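Notes to accompany the following structure.
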Amino acid sequence: MSGEIEIQNLKSRDPFAEADEDSGQTTQTQEYIHIRIQQRNGRKTLTTVQGIPAKFDHKKILKVIKKEFACNGTIISDTESKGLGEVIQLQGDHRIKIRDFLINEETGLGLDEKTIKIHGF
């Protein structure tokens, strides 16, 4: 035995990184908008939206979303999100409604549906 044992499951993994299908390596992507769900306690969940372009005002987007979806939310700043940009965090499971809002031309942002990735159960 060489004395060095590599343990695979103890390596830290970034849940916000995108996994490459070919090699399994994770790469940080900024061109995609990621919509994720996180389980809190019991039936409570959080929906996070990461990667909305900087040309949009995140505070105004959050205000419209909170009013339209009847939920509370906050913006996690760059320093708290460890370099992931501003992340919008909403109470409850709003993944499909957020996607519809982002791609809607009239009442939403009118973004391309191909740039949106939904993660979660």
Side-chain angles (χ1 to χ4, degrees):
M1 294 199 62
S2 65
E4 279 188 42
I5 300 174
E6 185 176 339
I7 300 175
Q8 291 290 330
N9 61 352
L10 291 181
K11 293 183 179 179
S12 65
R13 182 173 96 61
D14 185 9
F16 288 107
E18 183 68 25
D20 188 15
E21 287 82 16
D22 300 333
S23 64
Q25 297 290 353
T26 57
T27 56
Q28 194 70 26
T29 57
Q30 272 302 86
E31 63 269 2
Y32 288 110
I33 297 174
H34 297 279
I35 303 172
R36 295 183 174 82
I37 188 166
Q38 296 175 344
Q39 189 72 36
R40 275 189 13 187
N41 42 355
R43 295 174 54 196
K44 307 288 184 184
T45 57
L46 288 176
T47 303
T48 58
V49 183
Q50 172 211 341
I52 294 179
K55 65 180 180 180
F56 296 109
D57 187 2
H58 289 83
K59 289 184 180 183
K60 287 184 180 179
I61 293 172
L62 179 65
K63 186 175 181 179
V64 170
I65 288 173
K66 284 168 59 172
K67 193 167 193 103
E68 192 171 319
F69 302 157
C71 67
N72 198 8
T74 187
I75 295 177
I76 308 297
S77 65
D78 290 332
T79 56
E80 294 177 48
S81 64
K82 299 179 183 113
L84 297 173
E86 289 191 335
V87 178
I88 296 177
Q89 193 175 62
L90 302 169
Q91 292 179 350
D93 184 5
H94 301 287
R95 290 174 292 175
I96 304 302
K97 290 189 261 182
I98 290 289
R99 182 185 59 85
D100 294 341
F101 173 78
L102 292 175
I103 61 177
N104 193 336
E105 294 283 336
E106 298 163 10
T107 60
L109 301 180
L111 298 172
D112 187 15
E113 189 173 2
K114 296 174 186 163
T115 63
I116 299 173
K117 294 197 175 218
I118 299 180
H119 307 275
F121 23 85

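None of these values were measured; they are calculated from a predicted model.
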| message | Please report the interatomic distance NE2(H119) to NE2(H34), rounded to the nearest 0.5 Å. | response | 5.0 Å
| field | side chain to side chain contact (heavy atoms under 4.5 Å, CB included) between I116 and E113, intermediate numbers included | value | CA-CA 6 Å; I116 299 173; E113 189 173 2; 5.5 Å; no
| field | Point-to-point distance, once rounded to the nearest 0.5 Å, from CG of L111 to CD of E105 | value | 8.5 Å
| message | Working to the nearest 0.5 angstrom, can you tell me the gap between T45 OG1 and I37 CD1? | response | 4.0 Å
N/O donor-acceptor pairs under 3.5 Å from side chains in residues 56-72, not counting sequence neighbours:
from: D57; atom 1: OD1; to: K59; atom 2: N; distance (Å): 3.3
from: H58; atom 1: ND1; to: E86; atom 2: OE1; distance (Å): 3.1
from: H58; atom 1: NE2; to: I52; atom 2: O; distance (Å): 3.4

| request: Show your reasoning for whether side chain to side chain contact (heavy atoms under 4.5 Å, CB included) applies to T48 and I76. | output: CA-CA 10 Å; T48 58; I76 308 297; over 6 Å; no
| request: Not counting sequence neighbours, which residues clear side chain to side chain donor-acceptor pair (under 3.5 Å) with N104? List them please. | output: T107
| field | Heavy-atom donor-acceptor pair, T47 side chain to H94 backbone, under 3.5 Å | value | yes
| query | From Q91 CD over to T74 OG1, what is the distance, rounded to the nearest 0.5 angstrom? | reply | 9.5 Å
| query | About how many Å separate CD1 of I35 and CD1 of I96, when rounded to the nearest 0.5 Å? | reply | 8.0 Å
| message | Give me the atom names and distance for the closest heavy-atom approach of R40 to L46. | response | CD-CG, 3.8 Å
| query | Looking at P53 and I33, what are the two nearest heavy atoms and their distance? | reply | CD-CD1, 4.2 Å
| query | Nearest 0.5 Å, what's the NZ-CD distance between K114 and E31? | reply | 14.5 Å
